[in-house]
Every structure is written in structure tokens, then in C-alpha cells.
Protein chains: 2
Amino acid sequence: MGSTRDKIITASNELFRRYGYNGTSLAQISEASGATTGSIYHFFPGGKVDLGVAVVNTTGSIYRELFEAIAGAAENPVNGVYDVFVGAAATLEETDFIDPCPIGTIAREVANVSDPLRRAAADAMNSWIDAVTAHLTAAGVDDDAARALGELSVSAIEGGFVLARSRRDASVLVRSGEQVTKLIRDAVDAAPLTQRSGT
Amino acid sequence: MGSTRDKIITASNELFRRYGYNGTSLAQISEASGATTGSIYHFFPGGKVDLGVAVVNTTGSIYRELFEAIAGAAENPVNGVYDVFVGAAATLEETDFIDPCPIGTIAREVANVSDPLRRAAADAMNSWIDAVTAHLTAAGVDDDAARALGELSVSAIEGGFVLARSRRDASVLVRSGEQVTKLIRDAVDAAPLTQRSGT
DNA sequence: GTCTATACCAAGATAGAC
DNA sequence: GTCTATCTTGGTATAGAC
């Protein structure tokens with residue numbers, strides 16, 4: 001848990017969210033994590049790209065689990081995704097509008113430069129979409145419709161981060177969450193009654 | 001038009017889209033534009049940040065005009081935004097998935113570092129949202145609803161770029177465009193008949 | 001308004017002792 | 001597994017002739 005490797009990943013995650021991938025130096029990571037550059041290369045022989053992939057993989061899993069926890073705690077299937085939008089907005093304001101997600105930033109910076117990083121980002125976001133899809137199909141929505149809503153949800157959140165941070169106003173995430181929720185409600189309402197597990 | 005200043009902005013725009021803001025060096029810009037670093041600092045005394053702001057402002061205007069052209073040419077008010085999603089998907093595939101928009105990337109990289117760049121990005125995206133809002137209010141949608149749909153449209157496009165480039169598959173933009181269009185159709189259908197200008 | 005040359009510093013990465 | 005020291009390259013920015 002508190003291993004050196006974990007400390008390096010955690011520090012990198014925070015720095016990437018603040019300064020981006022290319023905007024963060026290994027010297028900063030070394031200082032913030034308390035590990036020397038020698039240690040960093042010990043755990044990540046491929047250097048910064050290896051480290052970036054580890055950050056993306058770790059964050060991808062954590063956010064998928066976070067979605068499942070929030071959606072599972074929602075009062076009904078329709079509100080699960082909405083609660084995520086609201087939670088993201090709150091996080092942004094509490095953290096002085098630091099990027100909640102290093103993955104989207106890294107993906108945009110290096111999608112045309114590093115294949116390992118691009119693929120790791122795609123895998124992470126696909127795992128979120130899978131989770132939303134599963135959440136909605138459990139409420140009776142058919143698979144294609146559920147997946148399209150999952151893709152829109154992830155896109156709207158990632159794009160919402162750009163808008164919210166630029167404006168220094170997170171309320172757009174709440175409004176977009178409301179819009180996406182309208183579509184989700186329609187899809188759940190259209191589902192065969194026999195497969196619905198809630199309202 | 002073909003002035004040195006314009007060549008510097010154009011070259012920077014393309015490089016930022018490929019490698020990001022921090023991932024692009026002034027030496028690269030110098031080589032791609034044919035202008036020396038001395039020339040670059042002559043036109044942009046504030047250095048890279050000044051140049052970035054100019055790129056964001058220029059691109060912001062061009063894309064706003066492009067939206068108005070596409071939406072104006074649509075067969076009906078409901079399809080204007082959809083056509084933009086489809087056009088963005090086509091552009092991505094034609095350009096080997098280079099980022100269509102330097103603004104979103106720059107915003108995520110430096111929103112917590114450079115206030116001038118952050119504000120320029122916010123202004124650019126707000127101008128797009130204003131344009132979508134005007135497009136929808138002209139079809140009879142009330143202002144708040146139109147603006148929320150404009151925000152969702154821009155968020156879904158910007159977030160869609162992240163997903164599409166990571167996957168190297170642009171089809172998600174078409175699907176998200178369909179979802180957003182459902183909401184737009186509902187809003188236009190709900191508009192008072194006296195204010196509607198089309199179907 | 002454009003050029004060459006360069007100052008100055010930070011980047012990623014590595015070597016090798018411990 | 002961790003450390004210090006350093007190599008090499010590239011970064012932004014500037015100086016000053018033309």
C-alpha cells in the first residue's frame with residue numbers, strides 16, 4: 001500500500017492532474033514522492049512512459065470502482081450516472097479546479113506519440129463504459145442503447161472537465177448530467193417491464 | 001493572409017494538435033513555419049504563452065464560423081448539431097486521428113498554470129455555446145434549455161475527441177451525436193408553434 | 001522585420017557505489 | 001532497493017548585427 005512504487009504513482013497522478021503529462025518532470029515526481037530518480041527507474045525501467053501507463057491503469061480501475069459504488073448506492077437506476085456528474089462537480093470545486101482525471105489529459109497529449117499510453121487510456125475509458133452499460137442493462141435497457149449512453153456519459157464528463165476547469169465553474173457538469181439523465185430515463189422507461197429492476 | 005505571423009500561428013496550431021502544447025517546442029514551430037525564433041518573439045513578445053493565446057483565439061473564431069456554416073446548411077434545425085458531430089468524425093479519420101481541436105488539449109494542460117490561456121480557452125468554447133444556443137432559440141427553444149444543450153454538445157464533442165483518438169475509432173462521435181440530437185428534437189418539438197421556423 | 005549565435009537552465013536517462 | 005553524481009540533449013528566451 002504505502003510502498004515506494006505506490007508513492008511514486010500517487011505523486012505522479014497528482015502532478016499530472018495539475019500540470020499535465022509533458023508539463024511534469026521526473027524531478028518534480030522525485031521530490032513529491034520522496035523517491036530518487038534512481039528508484040523511479042528501478043520500478044519503471046521504461047521511464048516516464050512506463051510510469052504514465054501505471055498511473056493510467058491504476059486510475060482507470062479506481063474510477064471504475066468509484067462509479068460502481070456511486071451507481072450502486074443510487075436510489076434508482078436512473079440516477080446512478082447523474083450522481084457521478086454531481087460528485088465530479090463537487091470534487092472540482094473542492095480541489096480548486098485541478099483536473100479530476102489524468103487519463104483524459106494524457107490521452108490528448110500523447111495519443112499520436114505513444115501507443116502504449118494511448119492504448120492504456122482507451123482500456124481505462126472502455127472499462128468505465130462497460131460499467132455504465134452493465135448498470136443500464138441491469139435496468140432492462142438493451143445493450144446497444146446502454147452502450148451508446150455509456151459512451152455519451154464518459155464523453156460528457158471528460159468534455160465537461162475541459163469546460164468547467166476553463167471557466168472555473170463546475171455547474172456545467174450538473175446541467176449536462178441532467179440532460180444525459182433525461183436520455184437514460186427514456187431508455188429505462190422504454191425497457192420491457194419484465195426486465196426492470198427499479199423505477 | 002500568408003503573413004509570417006499567420007504562418008507561425010498555422011504551424012503552431014498543427015503542431016499543438018499533434019503533440020500538445022507542452023509537447024511542442026519553439027524550434028519545431030520555427031522549422032515548420034519557416035520563421036526563426038527571433039521572428040516568433042518579434043510577433044509574440046510574451047513567448048509561447050502569447051503564441052498559444054493567439055492560436056486559441058484564431059481557432060475559436062474559425063470553429064464558431066464553421067459551426068454556423070454547417071448548422072445553417074442543415075436541412076432542418078434539429079440536424080445542425082448532428083451534422084457537426086458527423087463532420088468531426090470524418091475529419092478525425094481523414095487526418096489519422098490527429099486532434100481536431102488544439103483548444104481542449106491546451107485547456108487541460110495549462111488550466112492550472114496560465115490564466116491567460118485558461119481564459120482564452122473559456123472564451124472560445126463559450127462562443128461556440130453561444131452559437132449553438134442562438135441556433136436553437138431560433139427554432140423556438142427557450143434560452144436556458146438551448147444553452148444547456150449547447151454546453152452538452154460542446155462537452156460531448158470535446159470528450160468524444162479523447163475517446164475517439166484513444167480508440168482510433170471515430171464512430172463514437174456519430175453515436176453521441178445521435179443521442180444529443182434526440183434531446184434537441186424533444187426540445188424543438190416542445191417549443192411553441194408560433195416561434196418555430198422549421199421541422 | 002529577419003537573421004545567427006548563444007546564454008542559461010531543465011529535461012530524461014544512466015552509472016555505479018552502497 | 002536506494003543513493004549521488006552526471007551525461008547528453010533539448011528547452012525557452014535573448015542579444016545584437018543586418
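So that the names make sense, note that chain A is the first sequence line, chain B the second, and so on, each numbered from 1.
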Please state how far atom [atom1] in [X] lies from atom [atom2] in [N], giving the value in whole angstrom units.
X: A:Ile40; N: D:dT4; atom1: CD1; atom2: P; answer: 13 Å
X: B:Tyr19; N: D:dG11; atom1: OH; atom2: P; answer: 12 Å
X: B:Tyr41; N: C:dT6; atom1: OH; atom2: P; answer: 19 Å
X: A:Lys48; N: C:dT14; atom1: NZ; atom2: C1'; answer: 17 Å
X: B:Gln28; N: D:dT9; atom1: CD; atom2: C1'; answer: 14 Å
X: B:Leu26; N: C:dC9; atom1: CG; atom2: P; answer: 18 Å
X: B:Glu31; N: D:dG11; atom1: CD; atom2: C1'; answer: 16 Å
X: B:Tyr21; N: D:dG11; atom1: OH; atom2: C1'; answer: 12 Å

Quick one: label [X] by what it contacts on the DNA or RNA (base, sugar-phosphate, nothing), any heavy atom closer than 4.0 Å.
X: B:Thr36; result: base
X: A:Gly38; result: base
X: A:Ser30; result: nothing
X: A:Thr37; result: base

**Report entry** Within 6.0 angstrom of B:Tyr19 OH, more than 12 heavy atoms from elsewhere
**Finding:**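 No, the 6.0 Å shell around OH holds no more than 12 heavy atoms from other groups.
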Query raised in the report: Just wondering, more than 12 heavy atoms not from A:Arg147 lying within 6.0 Å of its CZ?
Result: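 Atom CZ in A:Arg147 is packed in, count exceeds 12.
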Requested in this report: Please determine if a side-chain N or O atom of A:Ser25 lies less than 4.0 Å away from the OP1 or OP2 oxygen of C:dA10.
Outcome: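 For A:Ser25, the contact criterion (side-chain N or O under 4.0 Å from OP1 or OP2 of C:dA10) is not met.
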Query raised in the report: From B:Ser153 OG over to B:Glu158 CD, what is the distance, rounded to the nearest 0.5 angstrom?
Result: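 Those atoms lie 12.0 Å apart.
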Report task. Would you tell me whether B:Thr59 and B:Asn13 have side-chain atoms, one donor and one acceptor, within less than 3.5 Å of each other? Result ->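 Yes, side-chain donor-acceptor contact under 3.5 Å.
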Query raised in the report: From the list D:dG1, C:dG12, C:dT2, which nucleotide is the closest neighbour of the side chain of A:His42?
Result: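 Nearest listed nucleotide: D:dG1.
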**Report entry** Candidate nucleotides C:dT2, D:dC3, D:dT12, ranked by approach to the side chain of A:Ser39 - the nearest
**Finding:**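 Nearest to the side chain of A:Ser39 among the choices is D:dC3.
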Query raised in the report: For DNA chain C, whose closest nucleotide is more 5', that of B:Phe43 or that of A:Pro45?
Result: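 Looking at the nearest nucleotide for each, B:Phe43 comes out on the 5' side.
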Query raised in the report: Using 4.0 Å as the upper bound for N to carboxylate O, is an ion pair formed by B:Lys182 and B:Asp186?
Result: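 Looking at B:Lys182 together with B:Asp186, the answer is no, because their closest N to O distance does not fall below 4.0 Å.
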